[in-house]
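Notes for the one structure printed next.
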Amino acid sequence: MALKNLEDLLSGDVSGRYVLVRSDLNVPLDGDKITDDGRVRAALPTLKRLAEAGAKVVVTAHLGRPKGEPDPKFSLAPVAAKLTELLGVDVPLAGDLVGESAKATVAGLADGQVALLENVRFDARETSKVEAERQELAAELAALVPGGAFVSDGFGVVHRKQASVYEIARALPAYAGGLVLAEVDVLKKLTEDLARPYVVVLGGAKVSDKLGVIANLLTKVDRLLIGGGMAYTFLKAQGHEVGNSLLQEDQLDQVRGFLAEAEKRGVELILPVDVLAATGFAADAEFDVVEATAIPAGRMGLDIGPKSRELFAGKLADAATVFWNGPMGVFEFESFAGGTRAVAEALVKSDAFTVVGGGDSAAAVRQLGLPEDGFSHISTGGGASLEYLEGKELPGVAVLGEND
(Lines give C-alpha, C1' and ligand atoms only; values in the text may rest on other atoms or scores of the structure.)
Protein backbone atom coordinates (compact mmCIF):
# COMPACT_ATOMS: atom_id res chain seq x y z
CA MET A 1 0.00 0.00 0.00
CA ALA A 2 1.60 3.22 -1.17
CA LEU A 3 0.89 6.06 1.21
CA LYS A 4 0.58 9.66 0.18
CA ASN A 5 3.30 11.34 2.15
CA LEU A 6 4.98 14.60 3.07
CA GLU A 7 6.87 14.73 -0.22
CA ASP A 8 3.57 14.55 -2.13
CA LEU A 9 2.18 17.41 -0.06
CA LEU A 10 5.31 19.54 -0.48
CA SER A 11 5.39 18.93 -4.24
CA GLY A 12 2.55 21.44 -4.33
CA ASP A 13 2.58 24.96 -2.93
CA VAL A 14 1.83 24.94 0.81
CA SER A 15 2.92 28.53 1.43
CA GLY A 16 0.21 30.20 3.50
CA ARG A 17 -1.76 26.93 3.76
CA TYR A 18 -2.74 25.44 7.10
CA VAL A 19 -1.29 22.02 7.86
CA LEU A 20 -2.48 20.14 10.95
CA VAL A 21 0.22 17.75 12.18
CA ARG A 22 -0.41 14.93 14.66
CA SER A 23 2.88 14.47 16.48
CA ASP A 24 3.80 12.14 19.33
CA LEU A 25 5.05 14.47 22.05
CA ASN A 26 4.19 12.18 24.97
CA VAL A 27 7.41 12.78 26.88
CA PRO A 28 8.29 11.74 30.44
CA LEU A 29 8.17 14.57 32.95
CA ASP A 30 9.63 15.19 36.38
CA GLY A 31 7.39 18.02 37.56
CA ASP A 32 7.49 20.37 34.59
CA LYS A 33 10.91 19.19 33.41
CA ILE A 34 11.20 16.86 30.39
CA THR A 35 13.51 13.98 31.33
CA ASP A 36 13.81 12.55 27.81
CA ASP A 37 13.16 14.80 24.80
CA GLY A 38 13.66 12.06 22.19
CA ARG A 39 10.11 12.23 20.88
CA VAL A 40 10.24 16.02 20.56
CA ARG A 41 13.45 15.81 18.57
CA ALA A 42 11.97 13.07 16.39
CA ALA A 43 9.05 15.37 15.52
CA LEU A 44 11.28 18.25 14.38
CA PRO A 45 12.17 17.24 10.79
CA THR A 46 8.56 17.20 9.58
CA LEU A 47 7.71 20.45 11.39
CA LYS A 48 10.82 22.15 9.98
CA ARG A 49 10.11 21.02 6.42
CA LEU A 50 6.57 22.40 6.55
CA ALA A 51 7.59 25.66 8.22
CA GLU A 52 10.42 26.23 5.73
CA ALA A 53 7.90 25.71 2.90
CA GLY A 54 5.80 28.53 4.37
CA ALA A 55 2.94 26.46 5.79
CA LYS A 56 0.99 27.57 8.84
CA VAL A 57 1.70 24.56 11.03
CA VAL A 58 -0.76 23.55 13.76
CA VAL A 59 0.44 20.68 15.97
CA THR A 60 -1.81 18.42 17.99
CA ALA A 61 -0.53 15.88 20.50
CA HIS A 62 -1.25 14.23 23.84
CA LEU A 63 0.66 13.93 27.09
CA GLY A 64 -0.02 11.29 29.72
CA ARG A 65 -3.46 9.96 30.51
CA PRO A 66 -5.74 12.77 31.62
CA LYS A 67 -9.35 11.73 32.17
CA GLY A 68 -10.93 13.55 29.25
CA GLU A 69 -10.81 16.98 30.87
CA PRO A 70 -8.18 19.68 31.45
CA ASP A 71 -5.57 18.78 34.07
CA PRO A 72 -2.67 21.21 34.64
CA LYS A 73 -0.17 18.43 35.35
CA PHE A 74 -0.68 17.12 31.81
CA SER A 75 -0.40 20.49 30.06
CA LEU A 76 1.80 20.60 26.97
CA ALA A 77 3.43 23.82 28.23
CA PRO A 78 6.83 22.13 28.83
CA VAL A 79 6.66 20.68 25.32
CA ALA A 80 5.88 24.07 23.77
CA ALA A 81 8.92 25.47 25.60
CA LYS A 82 11.11 22.61 24.32
CA LEU A 83 9.84 23.09 20.74
CA THR A 84 10.60 26.81 21.03
CA GLU A 85 14.13 25.97 22.20
CA LEU A 86 14.82 23.36 19.52
CA LEU A 87 13.22 25.20 16.60
CA GLY A 88 14.76 28.50 17.63
CA VAL A 89 11.48 30.37 17.13
CA ASP A 90 8.53 31.01 19.42
CA VAL A 91 5.96 28.20 19.40
CA PRO A 92 2.78 29.52 21.02
CA LEU A 93 0.60 27.10 23.01
CA ALA A 94 -3.15 27.50 22.72
CA GLY A 95 -4.96 27.38 26.05
CA ASP A 96 -7.41 24.79 24.75
CA LEU A 97 -7.89 22.34 21.90
CA VAL A 98 -10.73 23.62 19.71
CA GLY A 99 -12.04 26.54 21.80
CA GLU A 100 -11.60 30.28 21.60
CA SER A 101 -7.91 30.22 22.48
CA ALA A 102 -7.17 27.63 19.80
CA LYS A 103 -9.13 29.60 17.20
CA ALA A 104 -7.31 32.82 18.06
CA THR A 105 -3.89 31.15 18.12
CA VAL A 106 -4.42 29.48 14.73
CA ALA A 107 -5.89 32.63 13.17
CA GLY A 108 -2.84 34.59 14.31
CA LEU A 109 -0.29 32.30 12.65
CA ALA A 110 2.05 33.82 10.09
CA ASP A 111 3.33 31.84 7.11
CA GLY A 112 6.07 29.46 8.29
CA GLN A 113 5.04 29.65 11.94
CA VAL A 114 4.32 26.67 14.22
CA ALA A 115 1.72 26.59 17.02
CA LEU A 116 0.77 23.84 19.47
CA LEU A 117 -2.76 23.04 20.59
CA GLU A 118 -3.30 22.02 24.22
CA ASN A 119 -3.41 18.30 25.12
CA VAL A 120 -5.84 16.56 22.76
CA ARG A 121 -6.80 14.14 25.53
CA PHE A 122 -8.27 17.00 27.55
CA ASP A 123 -11.28 16.31 25.32
CA ALA A 124 -12.98 12.99 26.10
CA ARG A 125 -14.06 12.63 22.46
CA GLU A 126 -10.44 11.97 21.41
CA THR A 127 -10.43 8.46 22.87
CA SER A 128 -14.19 7.84 22.89
CA LYS A 129 -15.37 4.37 21.91
CA VAL A 130 -18.27 6.08 20.10
CA GLU A 131 -17.26 6.76 16.51
CA ALA A 132 -19.70 9.67 16.12
CA GLU A 133 -18.09 11.48 19.06
CA ARG A 134 -14.60 11.05 17.58
CA GLN A 135 -15.91 12.27 14.21
CA GLU A 136 -17.37 15.35 15.88
CA LEU A 137 -14.02 16.28 17.42
CA ALA A 138 -12.23 15.60 14.12
CA ALA A 139 -14.66 17.94 12.36
CA GLU A 140 -13.92 20.69 14.89
CA LEU A 141 -10.17 20.19 14.44
CA ALA A 142 -10.60 20.35 10.66
CA ALA A 143 -12.62 23.56 11.00
CA LEU A 144 -9.65 25.16 12.78
CA VAL A 145 -7.58 24.82 9.59
CA PRO A 146 -9.83 25.82 6.68
CA GLY A 147 -8.49 24.59 3.35
CA GLY A 148 -5.83 22.70 5.24
CA ALA A 149 -4.19 19.30 5.06
CA PHE A 150 -3.39 16.69 7.70
CA VAL A 151 0.02 15.09 8.27
CA SER A 152 0.15 11.99 10.47
CA ASP A 153 3.58 11.98 12.11
CA GLY A 154 2.91 10.45 15.53
CA PHE A 155 3.91 6.83 15.07
CA GLY A 156 3.41 6.13 18.78
CA VAL A 157 -0.37 6.51 18.35
CA VAL A 158 -1.10 4.99 14.91
CA HIS A 159 -2.27 1.74 16.52
CA ARG A 160 -5.24 3.62 18.00
CA LYS A 161 -8.54 4.68 16.44
CA GLN A 162 -8.58 8.16 17.94
CA ALA A 163 -10.03 11.38 16.61
CA SER A 164 -6.71 13.14 16.00
CA VAL A 165 -5.20 10.03 14.42
CA TYR A 166 -7.93 8.22 12.50
CA GLU A 167 -11.08 10.28 11.98
CA ILE A 168 -9.11 13.45 11.13
CA ALA A 169 -7.45 11.58 8.26
CA ARG A 170 -10.90 11.22 6.72
CA ALA A 171 -11.89 14.82 7.42
CA LEU A 172 -8.89 16.41 5.64
CA PRO A 173 -6.56 15.48 2.76
CA ALA A 174 -4.15 13.21 4.65
CA TYR A 175 -0.45 12.40 4.29
CA ALA A 176 2.08 10.28 6.14
CA GLY A 177 4.82 12.31 7.81
CA GLY A 178 8.47 11.42 7.41
CA LEU A 179 8.61 9.77 10.83
CA VAL A 180 5.62 7.48 10.23
CA LEU A 181 6.94 6.56 6.78
CA ALA A 182 10.38 5.70 8.19
CA GLU A 183 8.90 3.60 11.00
CA VAL A 184 6.70 1.59 8.63
CA ASP A 185 9.65 0.97 6.30
CA VAL A 186 11.73 -0.35 9.21
CA LEU A 187 8.95 -2.65 10.44
CA LYS A 188 8.58 -4.07 6.94
CA LYS A 189 12.23 -5.08 7.13
CA LEU A 190 11.40 -7.03 10.29
CA THR A 191 8.54 -8.89 8.65
CA GLU A 192 9.45 -9.24 4.96
CA ASP A 193 12.64 -10.73 3.44
CA LEU A 194 14.36 -11.07 6.81
CA ALA A 195 18.10 -11.49 7.09
CA ARG A 196 18.80 -14.39 9.48
CA PRO A 197 19.53 -15.28 12.20
CA TYR A 198 16.62 -13.16 13.46
CA VAL A 199 16.88 -12.58 17.21
CA VAL A 200 14.29 -10.79 19.35
CA VAL A 201 15.01 -9.56 22.87
CA LEU A 202 11.94 -8.92 25.03
CA GLY A 203 11.95 -7.43 28.52
CA GLY A 204 9.80 -5.17 30.60
CA ALA A 205 7.47 -5.97 33.43
CA LYS A 206 4.58 -8.07 32.21
CA VAL A 207 4.15 -11.11 29.98
CA SER A 208 0.51 -10.14 29.54
CA ASP A 209 1.55 -6.98 27.64
CA LYS A 210 3.30 -9.11 25.02
CA LEU A 211 1.16 -12.26 24.64
CA GLY A 212 0.20 -11.61 21.03
CA VAL A 213 3.65 -10.59 19.88
CA ILE A 214 5.32 -13.60 21.53
CA ALA A 215 2.84 -15.98 19.90
CA ASN A 216 3.46 -14.42 16.49
CA LEU A 217 7.24 -14.14 16.88
CA LEU A 218 7.56 -17.84 17.74
CA THR A 219 6.56 -18.53 14.12
CA LYS A 220 9.25 -16.19 12.75
CA VAL A 221 12.33 -15.86 14.98
CA ASP A 222 15.41 -18.03 15.33
CA ARG A 223 16.03 -16.96 18.93
CA LEU A 224 13.92 -15.27 21.58
CA LEU A 225 15.73 -13.81 24.60
CA ILE A 226 13.54 -13.04 27.61
CA GLY A 227 14.64 -10.69 30.41
CA GLY A 228 13.12 -8.09 32.69
CA GLY A 229 10.24 -8.72 35.05
CA MET A 230 8.51 -11.02 32.59
CA ALA A 231 11.36 -13.55 32.83
CA TYR A 232 10.23 -14.60 36.31
CA THR A 233 6.89 -15.86 35.04
CA PHE A 234 8.82 -17.99 32.52
CA LEU A 235 11.12 -19.31 35.26
CA LYS A 236 8.13 -20.12 37.48
CA ALA A 237 6.46 -21.89 34.54
CA GLN A 238 9.53 -24.13 34.38
CA GLY A 239 8.99 -25.03 38.03
CA HIS A 240 11.50 -22.71 39.71
CA GLU A 241 10.84 -20.55 42.77
CA VAL A 242 11.18 -16.83 42.15
CA GLY A 243 10.88 -15.39 45.66
CA ASN A 244 9.20 -11.96 45.67
CA SER A 245 10.05 -11.30 42.03
CA LEU A 246 7.39 -9.93 39.71
CA LEU A 247 5.11 -12.83 38.81
CA GLN A 248 1.91 -13.17 36.81
CA GLU A 249 0.39 -16.37 38.17
CA ASP A 250 -2.55 -16.11 35.75
CA GLN A 251 -0.16 -16.32 32.78
CA LEU A 252 1.67 -19.51 33.77
CA ASP A 253 -0.36 -21.82 31.52
CA GLN A 254 0.07 -19.43 28.59
CA VAL A 255 3.82 -19.29 29.18
CA ARG A 256 4.08 -23.08 29.41
CA GLY A 257 2.43 -23.11 26.00
CA PHE A 258 5.06 -20.70 24.67
CA LEU A 259 7.86 -22.89 26.02
CA ALA A 260 6.37 -25.98 24.36
CA GLU A 261 5.77 -24.13 21.07
CA ALA A 262 9.35 -22.85 21.00
CA GLU A 263 10.68 -26.38 21.51
CA LYS A 264 8.38 -27.75 18.82
CA ARG A 265 9.48 -25.12 16.29
CA GLY A 266 13.17 -25.30 17.13
CA VAL A 267 13.24 -21.72 18.38
CA GLU A 268 15.93 -21.05 20.98
CA LEU A 269 14.12 -19.48 23.92
CA ILE A 270 16.78 -18.09 26.24
CA LEU A 271 16.09 -17.15 29.86
CA PRO A 272 18.42 -15.59 32.44
CA VAL A 273 20.75 -18.05 34.20
CA ASP A 274 21.53 -15.67 37.07
CA VAL A 275 19.90 -12.57 38.53
CA LEU A 276 20.52 -9.76 40.98
CA ALA A 277 18.26 -10.76 43.88
CA ALA A 278 17.50 -7.67 45.97
CA THR A 279 16.04 -7.23 49.43
CA GLY A 280 13.42 -4.81 48.08
CA PHE A 281 12.44 -2.51 45.24
CA ALA A 282 14.72 0.46 45.87
CA ALA A 283 17.75 2.08 44.27
CA ASP A 284 19.87 1.35 47.33
CA ALA A 285 18.53 -2.15 48.04
CA GLU A 286 21.10 -4.75 49.03
CA PHE A 287 21.41 -7.60 46.53
CA ASP A 288 23.27 -10.82 45.78
CA VAL A 289 23.98 -12.50 42.47
CA VAL A 290 22.16 -15.85 42.56
CA GLU A 291 21.30 -18.60 40.10
CA ALA A 292 18.02 -17.82 38.34
CA THR A 293 16.73 -21.22 39.43
CA ALA A 294 17.49 -20.52 43.11
CA ILE A 295 16.10 -17.09 44.02
CA PRO A 296 15.76 -17.04 47.82
CA ALA A 297 12.41 -16.48 49.51
CA GLY A 298 11.95 -12.82 50.34
CA ARG A 299 14.24 -11.64 47.54
CA MET A 300 13.22 -10.13 44.21
CA GLY A 301 15.09 -10.22 40.93
CA LEU A 302 15.72 -6.68 39.70
CA ASP A 303 18.19 -7.37 36.88
CA ILE A 304 19.82 -10.17 34.95
CA GLY A 305 23.20 -11.21 36.33
CA PRO A 306 26.74 -11.24 34.86
CA LYS A 307 26.50 -14.74 33.37
CA SER A 308 23.15 -13.87 31.75
CA ARG A 309 24.62 -10.69 30.29
CA GLU A 310 27.42 -12.70 28.75
CA LEU A 311 24.97 -15.35 27.53
CA PHE A 312 22.64 -12.78 25.93
CA ALA A 313 25.53 -10.92 24.27
CA GLY A 314 26.77 -14.22 22.83
CA LYS A 315 23.33 -15.04 21.43
CA LEU A 316 23.28 -11.63 19.72
CA ALA A 317 26.82 -11.82 18.30
CA ASP A 318 25.99 -13.65 15.07
CA ALA A 319 22.53 -12.14 14.51
CA ALA A 320 21.70 -10.52 11.18
CA THR A 321 18.46 -8.90 12.39
CA VAL A 322 17.62 -7.88 15.97
CA PHE A 323 14.50 -6.33 17.49
CA TRP A 324 14.72 -5.28 21.14
CA ASN A 325 11.77 -4.15 23.25
CA GLY A 326 11.89 -3.83 27.01
CA PRO A 327 14.67 -3.38 29.59
CA MET A 328 16.41 -6.32 31.27
CA GLY A 329 16.00 -4.86 34.75
CA VAL A 330 15.09 -1.73 36.67
CA PHE A 331 17.47 0.42 34.62
CA GLU A 332 16.28 3.59 36.35
CA PHE A 333 18.28 2.37 39.39
CA GLU A 334 22.02 2.49 38.70
CA SER A 335 22.68 -0.78 40.55
CA PHE A 336 20.20 -2.62 38.33
CA ALA A 337 20.99 -1.06 34.93
CA GLY A 338 23.84 -3.43 33.99
CA GLY A 339 21.73 -5.99 32.16
CA THR A 340 20.02 -3.41 29.97
CA ARG A 341 23.37 -1.78 29.27
CA ALA A 342 24.91 -5.14 28.29
CA VAL A 343 22.17 -5.85 25.74
CA ALA A 344 22.36 -2.32 24.33
CA GLU A 345 26.16 -2.47 24.04
CA ALA A 346 25.96 -5.85 22.32
CA LEU A 347 23.65 -4.29 19.72
CA VAL A 348 25.97 -1.31 19.23
CA LYS A 349 28.85 -3.73 18.53
CA SER A 350 26.72 -5.87 16.20
CA ASP A 351 26.82 -5.72 12.41
CA ALA A 352 23.13 -6.70 12.37
CA PHE A 353 20.15 -4.59 11.36
CA THR A 354 19.21 -3.49 14.89
CA VAL A 355 15.88 -1.97 15.91
CA VAL A 356 15.14 -0.60 19.37
CA GLY A 357 11.39 -0.86 19.84
CA GLY A 358 10.60 2.44 21.49
CA GLY A 359 9.24 3.07 24.98
CA ASP A 360 11.49 2.20 27.93
CA SER A 361 14.13 0.65 25.65
CA ALA A 362 14.64 3.91 23.79
CA ALA A 363 14.62 5.85 27.06
CA ALA A 364 17.25 3.46 28.46
CA VAL A 365 19.56 4.00 25.48
CA ARG A 366 19.51 7.74 26.11
CA GLN A 367 19.67 7.51 29.90
CA LEU A 368 22.67 5.18 29.75
CA GLY A 369 24.46 7.60 27.43
CA LEU A 370 24.81 5.16 24.54
CA PRO A 371 25.24 6.50 20.98
CA GLU A 372 21.87 6.59 19.24
CA ASP A 373 23.58 6.20 15.88
CA GLY A 374 24.94 2.87 17.13
CA PHE A 375 21.57 1.32 16.26
CA SER A 376 20.01 0.99 12.83
CA HIS A 377 16.74 2.47 14.11
CA ILE A 378 15.27 3.63 17.42
CA SER A 379 11.49 3.57 17.20
CA THR A 380 9.30 6.23 18.76
CA GLY A 381 6.37 3.86 19.23
CA GLY A 382 6.75 0.81 21.44
CA GLY A 383 3.08 -0.22 21.41
CA ALA A 384 2.64 0.42 17.69
CA SER A 385 5.81 -1.54 16.88
CA LEU A 386 4.65 -4.52 18.95
CA GLU A 387 1.18 -4.53 17.38
CA TYR A 388 2.69 -4.47 13.89
CA LEU A 389 4.97 -7.40 14.77
CA GLU A 390 1.94 -9.15 16.24
CA GLY A 391 0.47 -9.03 12.74
CA LYS A 392 -2.21 -6.44 13.50
CA GLU A 393 -3.23 -3.66 11.14
CA LEU A 394 -2.34 -0.17 12.36
CA PRO A 395 -5.56 1.87 11.85
CA GLY A 396 -3.75 5.22 11.75
CA VAL A 397 -1.59 3.94 8.88
CA ALA A 398 -4.32 2.03 7.04
CA VAL A 399 -6.56 5.12 6.91
CA LEU A 400 -3.83 7.05 5.08
CA GLY A 401 -4.00 4.51 2.28
CA GLU A 402 -7.64 5.42 1.69
CA ASN A 403 -6.54 8.63 -0.02
CA ASP A 404 -5.27 6.84 -3.11
Side-chain angles (χ1 to χ4, degrees), residues 1-25 43 45-62 94 96-99 101-123 125-128 130-181 184 394-404:
M1 174 179 66
L3 301 177
K4 283 190 179 177
N5 58 58
L6 188 63
E7 302 309 318
D8 297 314
L9 176 60
L10 292 173
S11 66
D13 183 11
V14 297
S15 181
R17 186 182 181 187
Y18 285 119
V19 179
L20 181 69
V21 180
R22 179 45 158 111
S23 296
D24 180 6
L25 304 174
T46 289
L47 301 182
K48 283 181 176 177
R49 292 283 308 283
L50 288 165
E52 287 165 2
K56 297 177 178 181
V57 185
V58 181
V59 183
T60 183
H62 77 280
D96 52 32
L97 179 65
V98 288
S101 178
K103 291 172 184 172
T105 301
V106 172
L109 279 176
D111 294 0
Q113 192 176 7
V114 179
L116 180 61
L117 303 178
E118 187 52 284
N119 195 331
V120 69
R121 290 190 183 169
F122 283 179
D123 192 313
R125 294 173 296 176
E126 163 71 356
T127 57
S128 173
V130 180
E131 184 180 15
E133 292 180 357
R134 300 195 307 268
Q135 288 174 338
E136 182 181 70
L137 177 57
E140 291 178 27
L141 284 167
L144 276 180
V145 291
F150 170 66
V151 173
S152 178
D153 207 41
F155 182 73
V157 289
V158 294
H159 57 315
R160 302 287 184 234
K161 270 193 177 181
Q162 295 177 347
S164 69
V165 177
Y166 185 78
E167 277 76 17
I168 190 66
R170 289 177 163 173
L172 291 171
Y175 303 83
L179 181 59
V180 163
L181 213 57
V184 171
L394 303 178
V397 173
V399 72
L400 300 174
E402 296 177 7
N403 287 287
D404 295 345

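Here, residue 1 is the first one in the sequence, and each next residue gets the next number.
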Please give me the minimum heavy-atom distance between K4 and A174, naming the atom from each residue. CB-O, 4.0 Å
Classify the side-chain pair D153/S23 by whether it contains a donor and acceptor separated by less than 3.5 Å. no
A176 and V151 have their tightest heavy-atom pair at C-CG1, 4.4 Å
Of all heavy-atom pairs between A163 and R134, which one has the smallest distance, and what is that distance? CB-O, 3.4 Å
Is there a side-chain contact between V98 and L117 (heavy atoms, below 4.5 Å)? no
In this structure, which one of L400, V399, L394 forms a side chain to side chain contact (heavy atoms under 4.5 Å, CB included) with V158? L394
Measuring from atom CZ of R121 to atom OG of S164, what distance do you get when rounded to the nearest 0.5 angstrom? 8.0 Å
Identify whether the distance between the nearest side-chain nitrogen and carboxylate oxygen of E140 and R125 falls below 4.0 Å. yes
Step-by-step side-chain contact (heavy atoms from CB on, under 4.5 Å) determination, L141 to V58: CA-CA 10 Å; L141 284 167; V58 181; over 6 Å; no
Would you say V120 and E126 make side-chain contact, with heavy atoms under 4.5 Å? yes
Pair R49-E7, salt bridge (charged side-chain N to carboxylate O under 4.0 Å, His left out): steps then yes or no: CA-CA 10 Å; R49 292 283 308 283; E7 302 309 318; 2.9 Å; yes
Polar contact flag, side-chain donor to acceptor under 3.5 angstrom, T60-R22: no
Which distance, rounded to the nearest 0.5 Å, do you find between the OG of S152 and the CG of D24? 10.5 Å
Could you give me the CA-CA distance, side-chain angles and deciding distance for E118 and F122, then say whether side-chain contact (heavy atoms from CB on, under 4.5 Å) is met? CA-CA 8 Å; E118 187 52 284; F122 283 179; 3.6 Å; yes
Output for pair (Q135 CD, E167 CD), nearest 0.5 Å, gives 6.0 Å
Spacing of I168 atom CD1 and L20 atom CG [to the nearest 0.5 Å]: 5.5 Å
Of all the heavy-atom pairs spanning V180 and V397, show the shortest one and how long it is. CG1-CG2, 4.4 Å
Which distance, rounded to the nearest 0.5 Å, do you find between the NZ of K48 and the OG1 of T46? 11.5 Å
Verify side-chain contact (heavy atoms from CB on, under 4.5 Å) between V19 and V145, making sure each step is shown before the conclusion. CA-CA 7 Å; V19 179; V145 291; over 6 Å; no
Correct closest heavy-atom pair for K56 and D111 would be CE-OD1, 3.0 Å
Please find the pair of heavy atoms, one from S101 and one from D96, that lie closest to each other, and give the distance. N-OD2, 3.3 Å
Taking D8 for the side chain and N5 for the main chain, is one N or O donor matched with an acceptor at less than 3.5 Å? yes
Would V21 and V114 count as a side-chain contact (heavy atoms from CB on, under 4.5 Å) here? Give the steps. CA-CA 10 Å; V21 180; V114 179; over 6 Å; no
About how many Å separate CG of L144 and OH of Y18, when rounded to the nearest 0.5 Å? 9.0 Å
